[in-house]
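The structure appears below as structure tokens.
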2 protein chains.
Amino acid sequence: MALKHASISDIAKELNLAVSTVSRALSGHSRISEATRQRVWQLAEQLNYQPNHLAAALRKGRSNTLGVIVPNIDGHFFALVVKGVEAVANQAGFNVMLCQSNEDYAHEAKNVETLINAQVDGILVSLARTTHDFKHFEKVRQRNMPLVFFDRILNGSDVSAVVVDDQHGGYLATRHLLAQGRRRIAHLGGPQHLNIYKDRYEGYCQALREAGLPVEEDLVVLSKDMSLADGAVSIRQLLALPQRPDAIFSAGDFTAVGALQALKEHGLRVPHDVALGGFGNETFSSLTEPQLTTIDQQCEEMGGAAVRLLLEMVQETSLRLTPRKIVLEPHLLMRESSGRRQEA
Amino acid sequence: MALKHASISDIAKELNLAVSTVSRALSGHSRISEATRQRVWQLAEQLNYQPNHLAAALRKGRSNTLGVIVPNIDGHFFALVVKGVEAVANQAGFNVMLCQSNEDYAHEAKNVETLINAQVDGILVSLARTTHDFKHFEKVRQRNMPLVFFDRILNGSDVSAVVVDDQHGGYLATRHLLAQGRRRIAHLGGPQHLNIYKDRYEGYCQALREAGLPVEEDLVVLSKDMSLADGAVSIRQLLALPQRPDAIFSAGDFTAVGALQALKEHGLRVPHDVALGGFGNETFSSLTEPQLTTIDQQCEEMGGAAVRLLLEMVQETSLRLTPRKIVLEPHLLMRESSGRRQEA
DNA sequence: TTGTACGCGTTATCAA
DNA sequence: TTGATAACGCGTACAA
């Protein structure tokens, strides 16, 4: 337990002032004579006074703390988003309480409870892959607690959110592969109830359509976890087709690298035999051989934008009613894995 | 602002009870008639009562929140440690407040202030690379706030901490390279004021000594950031030597992979010409070509152990006086980069 | 078993 | 400009 500490009333007693006066002197809010203000500050300094934020929070009904729920933190993406969140939040004088859902719905629901109990002033969420509904946010809405989503949301949901233009990202990646002369382009996708995977897929379709190519069902392989292993499995499936693809656009870097490894194991050369593009710009993406072409999302920027949006809602109750969306632009990072076919 | 909410006094009024009775009924502390307890719980449920933790915290002088300061979160290591921290903390009913120092001393000091202000019940820290003293923890000690370090601490400091046996890790890696028949083994190390880099270096020396080999100054290259770029720079320096090394033990995976890339650029084959071992088992380490031999630390376990140690100190004041250390065992992960020289 | 009364440290309101 | 006082919601001695 912390040692007993100097409080506002200690200062008041010492200076023969009322606590309210001291409080105002310290917060610099109301009009206060320069003389007493100085006396107060000086003694505060001397006693090494530290404001008790808990008490202030109780009184004001505001904890100056923001809650963040992410699926995980060991990938590059969410780690960077959280970094952005923290930077902007701290800047604004808010603390960040972190929760990981481990891609699990039940865990996510528990996280929400936790943050409500902790009395955070607002919540930032990116959904777990296993989340199909918003039930667990009911209490948050009831309390009229500010809530902002980022990156992963449910398709067709009307909520405040900061997202990347995933469709455009998928479009960019696929168009790039087309530009390299590829015609049979496969897609490795994720759970379609999540905006990000659905939109990336749509972008893929859009690019094909634009090139006058059909979307062949056989060439679209969806997986649940978007893991390394999923990539390998998908490749096995694709290579069993009568005619194999000459390029692959994966909606995630992990799956893309899993695919890369599997392709090599099957004796296929990347990009010569099969060109490859991923999504997400994970750390390892530039360390594979060949280096992986991928889509960069503005991770830190996303975190910062989400916090700013949330803080506006925290400060202005009226803004909590109408959902607002912020859309960031993704960028194509051309690297080796999608190069042109070499004329042998 | 959250909507007005049911408090224990609301329940009390409704039931014609005293708040204290309700309080006890809910917390199940004192003796309470089964009848009233049931009535209270039922109404609480009905009114969707949520305890106000802020008020409880103020009253009890305990926030049930733990603070964590890490240098960053975008590497694999700290991400996993934080995951472990969160799991165990939540399990025990504690929240986690996260701060990143960005490897910067000043930032770290600010983080400490932040956490003190937030009135956390205890602090977990892994030092920034630029931290050379403990000054900024003075206030923490003054308040007798529980403080536990993990992974990175200052050499020779007498504090409570959970660390990996880095010396043994360095020893394992180096001995492994020796066992592959290498004799001129270089070392890429980090700032020696931090235990982890110092100890890994010591382990390297120990293995060489044991093999009857000298530690050649020329073969030891230290760098500040342990980044990818540092690895490349170090390689340039090593290759400028009259006789180049036939193996390298790097105290970090990033540097190791930077070295790997540089070696390849110089036309050297890994492991044939130069065998390579890293430290830390980053995600990308198994995705490079060749796959990187490295040392695995028990990240999540470390986070969990640190929280447990901290919580003991939170609950039992007397335990805060004598520093305790917990040492985890590292494991060697043999992969391709350290294979035997192939007889051509 | 239950009720009374007070304090945790702040801030906000009203009066002086 | 300052002071007195009442909350914020909960926990806990002490009394009944």
Side-chain angles (χ1 to χ4, degrees), chain A residues 1-41 43-44 47-65 93 116-121 143, chain B residues 1-41 43-44 47-65 93 116-121 143:
Chain A
M1 183 87 79
L3 245 75
K4 197 71 206 66
H5 234 92
S7 77
I8 239 178
S9 79
D10 293 324
I11 301 185
K13 237 169 271 169
E14 189 94 8
L15 258 40
N16 260 329
L17 286 175
V19 280
S20 52
T21 311
V22 176
S23 169
R24 274 168 302 183
L26 288 171
S27 54
H29 236 41
S30 286
R31 272 169 288 281
I32 279 276
S33 79
E34 194 49 34
T36 53
R37 137 168 303 159
Q38 291 223 347
R39 289 205 303 154
V40 169
W41 273 94
L43 185 57
L47 295 183
N48 189 24
Y49 164 78
Q50 301 286 143
N52 186 331
H53 287 185
L54 251 37
L58 173 60
R59 178 62 237 251
K60 294 198 283 199
R62 233 161 158 281
S63 60
N64 267 257
T65 298
I116 290 182
N117 280 341
Q119 242 118 341
V120 295
D121 294 334
R143 299 197 156 210
Chain B
M1 182 89 77
L3 245 75
K4 198 72 204 64
H5 235 89
S7 74
I8 72 176
S9 82
D10 294 323
I11 302 186
K13 237 169 272 168
E14 189 95 7
L15 259 39
N16 260 329
L17 287 175
V19 279
S20 55
T21 311
V22 176
S23 168
R24 276 169 300 184
L26 288 171
S27 54
H29 237 42
S30 285
R31 275 169 290 280
I32 280 275
S33 79
E34 193 51 33
T36 53
R37 139 167 303 159
Q38 291 221 347
R39 289 204 304 153
V40 168
W41 273 94
L43 186 57
L47 295 183
N48 188 23
Y49 165 77
Q50 301 287 141
N52 185 330
H53 287 185
L54 251 39
L58 175 58
R59 177 66 239 262
K60 297 197 283 197
R62 231 156 157 286
S63 60
N64 267 258
T65 297
I116 290 182
N117 280 341
Q119 242 119 339
V120 295
D121 294 333
R143 299 196 156 211

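Naming: A, B, ... by sequence-line order, numbering from 1 per chain.
For the OP1/OP2 pair of D:dG3 and a distance below 4.0 Å, the side-chain nitrogens and oxygens of A:Ser20 include no atom meeting the criterion. Contact annotation: A:Ser9 side-chain N/O to C:dG9 OP1/OP2 distance is not under 4.0 Å. OP1 or OP2 of D:dT2 sits under 4.0 Å from a side-chain N or O of A:Thr36. Note on B:Ser7: every side-chain N or O is 4.0 Å or more away from OP1 and OP2 of D:dC8.
Side-chain contact check for B:Leu26 versus B:Pro51: every heavy-atom pair is 4.5 Å or farther apart. Between B:Val22 and B:Leu15 there is no side-chain heavy-atom pair separated by less than 4.5 Å. The closest side-chain heavy-atom distance from A:Ile8 to A:Tyr49 is below 4.5 Å.
Note on A:Leu17: only backbone sugar-phosphate atoms sit closer than 4.0 angstrom, heavy atoms only; bases stay farther off. A:Ser23 comes within 4.0 angstrom of a nucleotide base, judged by non-hydrogen atoms across all strands.
Regarding B:Leu47, its CG atom lies at a distance of 14 Å from the P atom of D:dG9, rounded to whole Å. Rounded to whole Å, the distance from CZ on B:Arg24 to P on D:dC14 is 14 Å. One atom, NZ of A:Lys60, and another, P of C:dC8, lie 20 Å apart when rounded to the nearest Å. Between A:Ile32 atom CD1 and C:dT11 atom C1' there is a gap of 13 Å when expressed in whole angstrom units. Between A:Arg62 atom CZ and D:dC8 atom P there is a gap of 18 Å when expressed in whole angstrom units. Computed from coordinates, the A:Asp10 CG to C:dC8 C1' distance equals 13 Å when rounded to whole Å. Atom pair B:Leu54:CG and C:dG7:P shows a separation of 22 Å (rounding to whole Å applied). If you take CG of B:Leu26 and P of D:dG9, they are 15 Å apart, rounded to a whole angstrom.
For the pair B:Asn16 and A:Ala55, nearest-nucleotide mapping onto DNA chain C gives the more 5' position to B:Asn16. Annotation: of the two residues near DNA chain C, B:Thr21 and A:Val19, the 5′-most nearest-nucleotide partner is B:Thr21.
Nearest heavy atom pair, residue B:His53 against residue A:Gln119, reads N-OE1, 3.4 Å.
Listed for the A:Ser27 side chain is a donor-acceptor partner under 3.5 Å among the backbone atoms of A:Ser23.
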